[in-house]
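Down below is the structure, laid out as structure tokens.
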Protein chains: 2
Amino acid sequence: MLGDRWSLLIIRDMMLRGSRTFKEFLDSYERIATNILADRLRKLISYGVITTEPDPTDGRKRIYLLTEKGIALAPVMTEMVLWAADHEETGNQALVRLMREDKEKFLAGVRRRWAESRSRE
Amino acid sequence: MLGDRWSLLIIRDMMLRGSRTFKEFLDSYERIATNILADRLRKLISYGVITTEPDPTDGRKRIYLLTEKGIALAPVMTEMVLWAADHEETGNQALVRLMREDKEKFLAGVRRRWAESRSRE
DNA sequence: CATATCACTTGCATTTTGCAAGTGAAGTAT
DNA sequence: ATACTTCACTTGCAAAATGCAAGTGATATG
């Protein structure tokens, strides 16, 4: 289900970078094709990992949000980022520092921000 | 690098099920084609996640082993298994119970068994 | 009203995957 | 010693997934 090149990157962008719209996903530096992005979003919705709704402030946009099942991937993402930081190219240094300082606190923050952005909808 | 359907499953089998040979990977219930398996093993080696050496007790076999970089994926795997147990089909119940009881202890056990199997080579 | 932005879709070429059937080296049984 | 089996692959080809470029239609902006 997460066994493809893009799904986890989309979730990472939602969780850690706060991406919410089609265009924001496209602008993440890894260049995903628009048809593939549309397909992955559709699949993530069908798996129950994200949901979507129209943007109330701009009728052209759709907002994509993580579900509970989606935000529950935060520990997986965190461990992946930490592993990559140790063994691959260096990613977001500030984020990695926060994760290392206090992993539980970091995860609580991720989940709190998620809950807040949901309640605003 | 882990963005494909099979690489993480191979690593999971090595880490959690103790698979070490080509045939053992094939016998994991997810049916991977032999050409793809050979390709993924080659790529995992080139990424430095696993190594391989001949089996001293059977000249036909090759033994595949996780490197330090590979075993460092244990926390990622653990979180994935826990997430899947909560949100997808139920996997290995006994393993999940162990992980939940004491994650740190579980991870220490994984790493200890890895170190022991390495020193025997 | 004209132009731009956004979230897509379509058509087609390229790449990756999967399947079935080998191959060669080494081990096992008779 | 010879035949048969096991093991770790490779090869050839079909099918599926991916990537690219160029739309499309709805909404927003100047």
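Taking every heavy atom of both residues into account, A:Glu88 and A:Trp83 meet most closely at CG-CZ3, 3.8 Å. Between A:Leu65 and A:Arg118, the shortest heavy-atom distance links the atoms CB-NH2, 4.2 Å. Here the closest heavy-atom approach between residue A:Ala72 and residue B:His87 is recorded as CB-NE2, 3.3 Å. The two residues B:Leu107 and B:Thr78 come nearest to each other via the heavy atoms CD2-OG1, 3.4 Å. Of all heavy-atom pairs between B:Leu8 and B:Met77, the closest is O-SD, 3.9 Å. Of all heavy-atom pairs spanning B:Phe25 and B:Leu37, the tightest one is CB-CD2, 3.7 Å.
In this structure, B:Lys23 atom NZ and D:dT5 atom C1' are separated by 12 Å, rounded to whole Å. In this structure, CG of A:Asp39 is placed 13 Å from C1' of D:dG19, rounded to the nearest angstrom. The CD1-P distance, from A:Ile10 to D:dT18, rounds to 11 Å in whole Å. Between B:Asn35 atom CG and D:dC13 atom P there is a gap of 14 Å when expressed in whole angstrom units. Taking atom CD1 of A:Ile32 as the reference point, atom P of D:dA17 lies 15 Å away to the nearest angstrom. For A:Arg42 and D:dA17, the CZ to C1' distance is 14 Å, given to the nearest whole Å. The nearest whole Å value for the distance from the CG atom in B:Asp27 to the C1' atom in D:dC7 is 11 Å. Rounded to an integer number of Å, the gap from CG of B:Leu37 to P of D:dA8 is 9 Å.
Using a 4.0 Å heavy-atom cutoff across all strands shown, A:Arg31 reaches no nucleic acid atom at all.
A salt bridge links B:Asp86 to B:Arg100: one of the charged nitrogens lies within less than 4.0 Å of a carboxylate oxygen. B:Glu53 and B:Arg20 are not joined by a salt bridge, as no carboxylate oxygen comes within less than 4.0 angstrom of a charged side-chain nitrogen.
The residue among A:Arg60 and A:Thr34 whose nearest nucleotide of DNA chain D is located toward the 5' end is A:Thr34. Of the two residues contacting DNA chain D, namely B:Asp58 and A:Ile36, the nearest-nucleotide position lying further toward the 5' end is that of B:Asp58.
Taken over five-pair windows at either terminus, the axes of the helix from C:dC1-D:dG30 to C:dT30-D:dA1 are inclined to one another by 20° (rounded to 10 degrees).
Residues forming a side chain to side chain contact (heavy atoms under 4.5 Å, CB included) with B:Asp102 (at least two apart in sequence, or on another chain): B:Glu104, B:Lys105.
For the pair A:Trp6 and D:dG19, the criterion of a side-chain N or O lying under 4.0 Å from OP1 or OP2 is met.
Contact footprint of chain A on DNA chain C: nucleotides with an atom under 4.0 Å from a non-hydrogen protein atom, first to last in 5' to 3' order, C:dT5 to C:dG11.
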